[in-house]
Protein chains: 2
Amino acid sequence: MSTINDVSRLAGVSKATVSRVLSGSRGVKEASRLAVLKAVDELNYRPNVIAQSLLSQSTGCIGVICAQDNINQTTAYLYALEKHLSQSQKHLLLRFANSKAEVMSALDELTCGLCDDVLVIGARFPLHIDDENVILVDCVESATTTPNSIQFDHAFAAETACNYLISQGRRQIALIHPNSAAADQVLLGYKLALENNFLPFNRNLVFMDDTSSSVALQVLLNNATTLNFNALLVADEQEAQRVIPQLQAFNKTVPGDIMVFSLAGSLHLPGIPTIPAIEYSMDAMAAKIVAWLNEKTQSVLGSYRVRGDLIIPDVRKR
Amino acid sequence: MSTINDVSRLAGVSKATVSRVLSGSRGVKEASRLAVLKAVDELNYRPNVIAQSLLSQSTGCIGVICAQDNINQTTAYLYALEKHLSQSQKHLLLRFANSKAEVMSALDELTCGLCDDVLVIGARFPLHIDDENVILVDCVESATTTPNSIQFDHAFAAETACNYLISQGRRQIALIHPNSAAADQVLLGYKLALENNFLPFNRNLVFMDDTSSSVALQVLLNNATTLNFNALLVADEQEAQRVIPQLQAFNKTVPGDIMVFSLAGSLHLPGIPTIPAIEYSMDAMAAKIVAWLNEKTQSVLGSYRVRGDLIIPDVRKR
DNA sequence: CTGTTAGCGCATTCAC
DNA sequence: GTGAATGCGCTAACAG
């Protein structure tokens, strides 16, 4: 690869002039400008970004550490992020990590000048990070105050879900949710929506402990006559996919008898009817992240919560 | 971030000594070695990899340009690649590209010193690349001789598939394959296996034009009585998933009446019975790639073909 | 308008 | 053993 010295020599000007032509390009005599351009073209010269990085103390590389177990979700993140990053002339440096130790070691390797900032995505284990240049995205909240994090607004999701279901005439809403970090938030939103709609809270409709969703649903089904529930809130699309056949096995139609609602991601598989759901736009989230990275000096991210979109199944006949 | 100057000052030695301690560490007086280590620890100093890169003329970054349309396949590639790359102290720089222009532009941005080598994965459009540092992985073959490429051995896959099916007593093997770049290879392997088993080639069993697989299968089904086929070779798992319900709709049992074989990837979804298939090990492929990257100077990759593994469904009762 | 100089952070000479 | 000097490729400041 040719360097700026080769170009300056061939063009018969100094390195500085070459640099000027390629960057600002202002205040250069047309003759030498042309000479430089010609030499650049002949040598197929392109400035070495590493040398530029050394000078500017920034590489334009953003590390992305994926700690996500849901592989499909990961791809959606990556695709959206890369799209926005490359639009801002930034590069996405990818790592996978499955434990706190792996995340920390990856962080170590990336923050030695290689990456300007690092995102950690989807960690389900607590992380104790105190670095201005690290953003936790969809990670469990840690005890220490992490400077920058982005989370899903689970309370908002649950509240929206309940309000939608109630608007559809479903007033007996069951809730099955694993005891994750989001559980408290979900319950909060659930209760809030019930309150606002003057509906009583029935403890028997809610399952938030560690029992499997299958068992939880079976308890609901066994007591179906007394509970009389006509809607079911589940954590995500995978749960929904598991739960619907079980309902159908007990002659419950979906959504006729029971309307199933996914609190994270809907079902788009061909042949399977779509269910109402909250969906988080990866694209919007990526846009938010990249925007913040670009104007980092001016603002503080803090603990940002993104709200999901309500997705309603298309009931029109085709 | 502290630099080597800060360390040398605090330790009371020269930069050279600091560098020696952190690299070779040989031929340094124990006293100054300790002093350096202490200063390093106090300042939390870590050598700037960008400065090292400028000196060594290599960054340890490997660009990966994904041109794959199959998003699941992409994730499998990325996961395997990243795992092997990080084991070799290399970094994976990710880009997505959907056209030749996008690939070329990405290539331009990555080969200005940022990446030592670049992989292009899954491009379904012809690429004309003449760069020693670029490897085409699972891309359509280009007219010009690309220095380095890795492809799937589709002929071997088809041959293996036929031999397996024949060993299972299936002698009337239909073949539905889109008219892709791999089509010729597939047909080659198909014919070879038939020949070797002294079976006639029946043109009516083979569909390799651009008609949809659904239509092709319907033609087969309409002529089922005369064709009497008892096995069906399809391009990949998605095709298999589309084709099986169609067969069942016409009262053909799978694999009872018709044994469906996927030439690329099997079905592992819960509830759906696994079918025999050829599977390409992403892990093995990633290992091959990274091994070559590490000893690039010694050997030439050329045009390497990986052969897939035969996956046989588990017929044991659980 | 343009050339010279200095320095980004580091590792590798070469003297002492 | 160790320190001073050199240069990787580039840009910014300063002189002309």
Side-chain angles (χ1 to χ4, degrees), chain A residues 1-40 42-61 89 91 108-116, chain B residues 1-40 43-61 89 108-116:
Chain A
M1 193 53 110
S2 49
T3 77
I4 198 171
N5 285 305
D6 304 325
V7 177
S8 73
R9 208 172 306 130
L10 203 153
V13 296
S14 74
K15 295 196 297 177
T17 303
V18 175
S19 181
R20 276 192 273 266
V21 171
L22 267 48
S23 326
S25 189
R26 56 160 180 237
V28 178
K29 207 204 303 175
E30 190 63 11
S32 38
R33 207 181 74 90
L34 259 40
V36 168
L37 257 28
K38 180 156 169 284
V40 164
E42 267 180 48
L43 295 169
N44 188 30
Y45 166 76
R46 282 137 64 207
N48 185 319
V49 291
I50 292 302
Q52 292 178 320
S53 295
L54 184 59
L55 204 57
S56 67
Q57 301 282 42
S58 88
T59 61
C61 286
Q89 319 276 30
H91 303 286
D108 250 30
E109 288 182 37
L110 299 183
T111 52
C112 297
L114 225 195
C115 294
D116 299 338
Chain B
M1 193 53 107
S2 49
T3 78
I4 198 171
N5 286 305
D6 304 325
V7 177
S8 74
R9 208 173 306 130
L10 205 156
V13 296
S14 74
K15 296 196 296 178
T17 303
V18 175
S19 183
R20 284 194 194 87
V21 172
L22 267 47
S23 322
S25 189
R26 55 150 181 250
V28 177
K29 207 202 304 175
E30 190 62 14
S32 37
R33 207 181 75 87
L34 258 40
V36 168
L37 256 28
K38 180 156 170 284
V40 164
L43 294 169
N44 188 29
Y45 166 77
R46 282 136 66 208
N48 184 319
V49 291
I50 293 303
Q52 292 178 320
S53 296
L54 184 59
L55 207 55
S56 67
Q57 301 282 42
S58 89
T59 60
C61 286
Q89 319 277 28
D108 251 31
E109 288 181 38
L110 298 183
T111 53
C112 297
L114 225 196
C115 294
D116 299 337

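To find a chain, count down the sequence lines: A is the first, B the second, and so on, and within it residues start at 1. Everything numeric in this text was worked out from a predicted model, so none of it was measured.
- Nearest heavy atom pair, residue A39(B) against residue L10(B), reads CB-CD2, 3.9 Å.
- To the nearest angstrom, P of dC10(D) lies 11 Å from CG of L55(A).
- Residue contacts shown for S53(B) are absent, as no nucleic acid heavy atom lies under 4.0 Å away.
- Rounded to whole angstrom, the span from the CD atom of Q57(A) across to the P atom of dC10(D) amounts to 17 Å.
- Under the rule for a side chain to side chain contact (heavy atoms under 4.5 Å, CB included), the partners of D6(A) that lie at least two apart in sequence or sit in another chain are S2(A), T3(A), R9(A), L43(A).
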Would you mind writing out the side-chain donor-acceptor pairs for residues 30-37 of chain A within the sub-3.5 Å range, not counting sequence neighbours?
residue	atom	partner	partner atom	Å
E30(A)	OE1	R33(A)	NE	3.4
S32(A)	OG	K29(A)	O	3.1

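- Spacing between atom CG of L22(B) and atom P of dA11(C) amounts to 7 Å, rounded to whole angstrom units.
- Within a heavy-atom distance below 4.0 Å of DNA chain C, no residue of residues 33-40 of chain A is found.
- For the segment residues 12-20 of chain A, the set of residues with a heavy atom within less than 4.0 Å of an atom of DNA chain D comprises K15(A), A16(A), S19(A), R20(A), in numerical order.
- Mapped onto DNA chain D by nearest heavy atom, A51(B) and S23(A) fall at different nucleotides, with A51(B) at the one closer to the 5' end.
- Closest approach of S14(A) and S8(A) over heavy atoms only: C-CB, 3.7 Å.
- Nearest to the side chain of L54(B), among dT2(D), dC10(C), dG9(D), sits dG9(D).
- The two atoms that bring R46(B) and T111(A) nearest to each other are NH2-OG1, 2.8 Å, heavy atoms only.
- Taking both residues in full, the closest heavy atoms of L114(B) and C61(A) are given as CD2-SG, 4.2 Å, listed atom of the first, atom of the second, then distance.
- The two residues L22(B) and Y45(B) come nearest to each other via the heavy atoms CD2-CE2, 3.4 Å.
- Contact check, Q52(A) against dC8(C): no side-chain N or O comes under 4.0 Å of OP1 or OP2.
- Each end of the helix from dC1(C)-dG16(D) to dC16(C)-dG1(D) yields a helix axis from five base pairs, and these two axes differ in direction by 50° (to the nearest 10 degrees).
- Nucleotide dC10(C) holds its C1' atom 13 Å from the CG atom of D6(B), rounded to whole Å.
- A donor-acceptor pair under 3.5 Å links the side-chain atoms of S53(A) to the main chain of V49(A), judged by distance alone.
- The interatomic distance linking I4(B) (CD1) with dA4(D) (P) rounds to 14 Å, in whole Å.
- In terms of the side chain to side chain contact (heavy atoms under 4.5 Å, CB included) criterion, residue partners of S56(A) (sequence neighbours excluded) are, by chain and number, S58(A).
- Between N5(A) atom CG and dT11(D) atom C1' the separation is 13 Å, expressed in whole Å.
- Rounded to whole angstrom, the span from the CD1 atom of I50(B) across to the C1' atom of dG9(D) amounts to 13 Å.
- Contact check for I50(A) versus Q57(B): no side-chain heavy atoms found under the 4.5 Å cut-off.
- At least one donor-acceptor pair closer than 3.5 Å links the side chain of D116(A) to the backbone N or O of G60(A).
- Phosphate contact (OP1/OP2 of dT11(D), side-chain N/O of S56(A), threshold under 4.0 Å): absent.
- The nearest whole Å value for the distance from the CZ atom in R46(A) to the C1' atom in dG9(D) is 15 Å.
- Scanning both residues, K15(B) and N5(B), for their nearest heavy atoms gives CD-OD1, 2.9 Å.
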